[in-house]
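Keep in mind that what you see is a predicted model, and the values were worked out from it rather than measured.
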Amino acid sequence: MIELDRRSFLKGAGAGGATCALASILPGSLAALEKEPLKALGEEVASICEMCSTRCPIKARVINGKNVYISGNKEAKSFGGKVCARGGAGHDLLYDPQRIVKPLKRVGKRGDGQWAEVSWQEAYELMADKLNTIKKEFGAETVAFSSKKGSLSGHFFHFAKAFGSPNTFTHGSLCPGAYVMASKAMFGTKLKRDLSNAKYIINFGHNLYEGINMSETRNLMKAQADRGAKLVVFEPRFSIVADKADEWHPIRPGTDVAIALAICHVLISDDLHDKAFIDQYVEGFDEFAKEVQHYTPEWAEPITDIKATDIRRIAREIAAEAPHALVDYGHRATFTTEEFEMRRAIFAINVLLGNIERKGGLYLGKKAKTYNKFAGEKVAPTLAKLTVEGMPKPSAKRIDQSDKQYTMTWKNGGIYQSVLEAALNDKPYGLKAWVMARTNPMQTMNDRAKVLAAMKKMEFIVVCDVYISETAAYADLILPESTYLERDEDVADKSGKNPAYYVRQRVVETIGDTKPSWQIFKEAADAMGIGNLFPWQDMETRQFAQLNGDAQELKRLKEKGYLSYGKPLLLREPSLVQAFVEQYPQAKATDADGTYSSQLKFKTPSGKIELSSTQVESFAPGRGVIRYRPVELKQADELYFIQGKVAVHTNGATHNVPMLANLMSDNGLWIHPVTAGKLGIQTGDRIRVTSSVGSEEGSALVTPGIRQDTVFAYMGFGSKTKELVRATGKGIHCGNLLPDRTAPVVGMNLHTTGVKLAKV
Amino acid sequence: MKKRYVMIHDENRCIGCQACNVACRSENSVPEGVTRLQVRVEGPFGEAPDLHFKYHRVSCQQCENAPCVTVCPTGAAYFDDNGIVTINKDKCVGCMYCVAACPYKVRFMNPETKAADKCNFCKDTRLARGEDPACVSVCPTDALTFGDANDVNSEVSKLLNTKISYQDKSHLGTQPRIYRIPTKRGGIQS
């Protein structure tokens with residue numbers, strides 16, 4: 001429970017009848033309601049998880065009106081009917097007494113933690129009044145909108161567009177954006193990895209055994225444990241994936257790009273690259289080959305601390321398994337500001353191995369439209385795109401588009417952290433309001449003090465969330481969203497090697513006075529006078545329209561929760577193409593070699609894979625060809641500070657969920673015994689880490705599982721606002737140590753910095 | 001024929017993610033502050049870069065020669081027909097002899113029922129419905145296998161016959177029915 005001095009309690013109590021300071025019960029929280037049994041909406045409901053952004057297919061069963069047992073949905077084969085700790089604890093969020101179930105209005109100073117419950121009507125009116133006034137005085141573009149990605153952001157950004165602001169952001173630039181943009185620059189689209197069929201996998205710190213993505217985690221284990229694949233991991237820390245690997249190479253932080261380029265060098269100089277593949281599909285190989293001439297393993301050794309002989313050996317080993325071998329392009333960035341080059345260099349190895357559209361390689365998603373075209377018949381229904389006529393076209397430029405090099409970013413969620421410079425220094429113009437949905441920049445964006453300053457400068461802040469998150473604590477208005485177990489949502493595309501759809505459905509009746517965010521922003525639009533741009537009645541009418549009015553198929557989808565169509569197809573894999581052609585008599589004719597090789601096209605300007613790109617060169621001069629550029633990530637007398645994911649928490653979102661907080665509420669700082677010894681630090685000692693922007697106190701975890709020049713902490717801990725009772729003040733707040741530094745071209749927020757370490 | 005339920009924990013496949021821990025808690029309504037099951041990630045052991053973690057499942061070992069059953073003065077702790085070490089909470093007087101006697105330290109007093117408690121392979125909940133225990137059903141990497149070792153065709157029999165396995169503290173003669181497939185890292189090859 002929170003400790004409060006009597007003075008601030010009295011101050012809060014004096015502010016009005018409906019208000020109270022943070023005593024044992026938060027106003028507007030579930031604790032303020034009578035505890036009633038859960039009302040189940042079916043014996044077992046198939047739905048979609050939301051404890052992280054992977055959104056795994058789940059099944060949920062209500063037990064005795066008290067508990068929900070959540071497992072995976074077996075209809076989704078690659079997910080195996082499994083669920084992780086976070087997914088299994090979803091019901092604990094549902095019934096957390098600290099969850100917010102009434103709209104709240106700030107009544108004290110920003111961040112003072114004084115809230116008054118208001119009705120939805122009042123909340124909408126306040127929002128409409130403030131936002132419309134700001135729009136009138138300063139323009140709609142002075143309101144920034146940011147949201148978690150997925151079905152939520154679809155509705156929320158529709159609201160932003162209807163309002164007239166171009167400034168919409170997802171967490172892309174704080175997490176997975178770089179590999180998506182690197183992939184689009186080279187292949188014109190996102191790629192997927194066929195881990196389970198790979199015989200050799202190189203992994204640059206993509207910790208799939210802690211940052212669990214159920215289908216990929218299972219596929220990696222399947223490849224390793226059932227099919228004997230070799231896994232090589234380059235990572236500064238001995239993570240779980242490093243433990244499970246055949247080889248762990250403790251690489252110097254931020255230098256992965258040098259290894260990737262040196263592997264490319266060996267593949268080309270040893271003549272191990274797939275020349276036929278390159279001739280047919282690749283543009284710009286010669287420029288690339290000329291550039292990587294310099295990047296020998298001997299050149300990479302002093303940069304990376306990895307022996308040249310090892311790099312050479314690994315390059316030859318993976319080439320021997322090609323094309324059924326891959327280099328994992330990772331997930332959460334950003335190890336270095338040279339993120340664009342790093343992710344492109346990784347993709348380049350895959351191209352040289354010729355693994356595209358082969359088993360155990362990388363492949364393009366096969367959505368219904370593409371798949372049906374190949375099959376020559378309608379195997380899967382296509383999902384109708386619901387568009388609205390008469391949407392306003394914003395005249396203002398996005399705040400992250402004044403520099404041409406960032407051309408690719410806006411389609412991928414924008415440069416989220418550009419909100420800070422705009423709010424604080426009017427660059428390129430000022431922001432007056434910030435509307436957020438299920439995003440927690442106080443944790444996930446770099447330089448917490450700067451985020452706080454930017455928030456304080458805003459005239460109006462609205463946050464839609466399930467908790468008073470560290471960010472929501474500084475809002476003027478909090479809109480309580482229902483948990484995912486209480487929401488129906490749009491049908492989502494989950495296609496992989498063949499088309500698949502799934503849908504989120506309500507498992508229990510809504511507890512308290514919460515609403516799904518699609519409804520919140522539809523109703524807010526009504527209050528703001530733009531409700532005409534939200535012509536759908538409810539979620540069911542949308543789902544019905546998405547499935548082109550096929551009631552039967554919608555019913556089937558809701559029963560099963562996940563529908564998969566056809567069989568897996570990789571255009572260059574003979575066995576899969578053969579099985580496909582046998583299944584569909586009207587299928588497109590294959591090439592002489594029994595594959596669809598000649599049908600493989602890329603959505604790039606040349607229609608080929610652009611290993612070097614004139615398009616990239618045109619908006620980012622000097623970046624057309626992948627090149628190594630040294631980066632200074634720390635001062636000589638500092639240690640590298642790196643972070644990562646843990647299996648029981650999701651970044652800035654789950655640290656207050658009781659069951660998960662009980663499993664882990666603190667993040668000890670990993671310190672090498674030699675480094676710790678010099679400072680007289682032992683496990684459990686209080687320590688202080690200080691960077692150029694902030695300082696954090698935490699506890700030490702002395703372990704040989706980290707480089708001597710590096711310290712590590714799991715991210716998402718150390719919340720500093722009192723509302724997040726179980727998480728506050730526990731552990732190291734990573735965002736408070738990372739400086740606000742943006743990577744070229746991809747606009748990613750940098751996640752490696754230098755720190756000084758001391759015993760407290 | 002009576003069943004001989006056993007569980008096998010493959011430490012090569014286990015990633016210490018605690019999905020089992022949470023699922024057990026949810027299915028069996030285990031109160032806050034006590035636990036029937038956790039996996040401890042211990043280490044790393046060895047010299048860098050040849051390090052390895054140990055993934056140690058901590059839960060009732062379902063001993064065939066169970067000290068908790070031997071010491072229980074009221075018969076609250078007993079073997080059911082299929083050999084599962086079970087607790088009759090109506091007979092439990094809360095003397096905590098069993099908690100003290102358990103060499104694996106996995107028995108606890110349930111703060112709600114005030115009786116001794118521990119893992120019983122989900123026999124009242126999932127097993128009764130013909131399902132695998134909660135931990136087995138959610139395990140992301142298929143590290144857990146459960147079944148009847150008296151059935152020669154069961155998955156568990158096949159695994160026990162083809163993989164090297166060990167039991168925790170087997171020198172005590174407790175004969176645990178939790179078998180562990182040791183990690184290949186750290187020297188033991190299976």
Grab the two heavy atoms, one from [X] and one from [Y], that are nearest each other, plus how far apart they are.
{"X": "A:R218", "Y": "B:C139", "value": "NH1-O, 4.2 Å"}
{"X": "A:S239", "Y": "B:F53", "value": "O-CE1, 4.0 Å"}
{"X": "A:G705", "Y": "B:P44", "value": "N-CG, 4.1 Å"}
{"X": "A:A85", "Y": "B:C17", "value": "CB-O, 3.6 Å"}
{"X": "A:Y69", "Y": "B:S137", "value": "OH-OG, 3.3 Å"}

| field | Leading residue by heavy atom contact count with chain B [cutoff under 4.5 Å; candidates A:M214, A:K244, A:E247] | value |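 Result: the option with the highest number of such pairs is A:K244.
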| said: Please rank A:R61, A:Q224, A:H249 by heavy-atom pairs under 4.5 Å with chain B and give me the top one. | reply: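 Among A:R61, A:Q224, A:H249, the one with the most close pairs to chain B is A:R61.
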| query | When you check the gap from the basic side-chain N to the acidic O, do A:D226 and B:R13 get nearer than 4.0 Å? | reply |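 The answer is yes: the pair qualifies as a salt bridge.
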| Are the charged groups of A:K222 and B:D142 less than 4.0 angstrom apart, N to O? |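 No, no charged N to carboxylate O under 4.0 Å.
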Can you check whether [X] reaches [Y] side chain to side chain, under 4.5 Å on heavy atoms?
{"X": "B:E27", "Y": "A:I63", "value": "yes"}
{"X": "B:T183", "Y": "A:D243", "value": "no"}
{"X": "A:M221", "Y": "B:I15", "value": "yes"}

Check whether more than 12 heavy atoms from other residues, nucleotides or ligands sit under 6.0 Å from atom [atom1] of [X], and answer yes or no.
{"X": "B:K54", "atom1": "NZ", "result": "yes"}
{"X": "A:K77", "atom1": "NZ", "result": "no"}
{"X": "B:R40", "atom1": "CZ", "result": "no"}
{"X": "A:K74", "atom1": "NZ", "result": "no"}
{"X": "B:Y97", "atom1": "OH", "result": "no"}

| message | Checking B:V22 against A:L663 for the side chain to side chain contact (heavy atoms under 4.5 Å, CB included) test, could you report, in this order, the C-alpha distance in whole Å, the side-chain angles of both residues, the deciding distance, and whether it holds? | response | CA-CA 9 Å; B:V22 166; A:L663 281 174; 3.7 Å; yes
Roughly how far, to the nearest 0.5 Å, is [atom2] of [Y] from [atom1] of [X]?
{"X": "A:S71", "Y": "B:E131", "atom1": "OG", "atom2": "CD", "result": "8.5 Å"}
{"X": "B:T141", "Y": "A:N219", "atom1": "OG1", "atom2": "CG", "result": "12.5 Å"}
{"X": "A:I212", "Y": "B:Q18", "atom1": "CD1", "atom2": "CD", "result": "10.0 Å"}
{"X": "B:R25", "Y": "A:H91", "atom1": "CZ", "atom2": "NE2", "result": "9.5 Å"}

| query | Tell me, side chain or backbone of B:V136 under 4.5 Å from chain A's heavy atoms, or both, or neither? | reply |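 Backbone of B:V136 only, per the 4.5 Å heavy-atom cut-off to chain A.
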| said: Counting only non-hydrogen atoms closer than 4.5 Å, does B:A134 touch chain A with its backbone (N, CA, C, O), its side chain (CB onward), both, or neither? | reply: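 Both parts, heavy atoms under 4.5 Å.
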| task | Let me know if A:N662 has heavy atoms under 4.5 Å from chain B in its side chain, its backbone, both or neither. | result |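 It is the side chain, since no backbone atom gets that close.
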| query | Which atoms of A:V68 come close to chain B, meaning under 4.5 Å heavy atom to heavy atom: side chain ones, backbone ones, both, or neither? | reply |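 It is the backbone, since no side chain atom gets that close.
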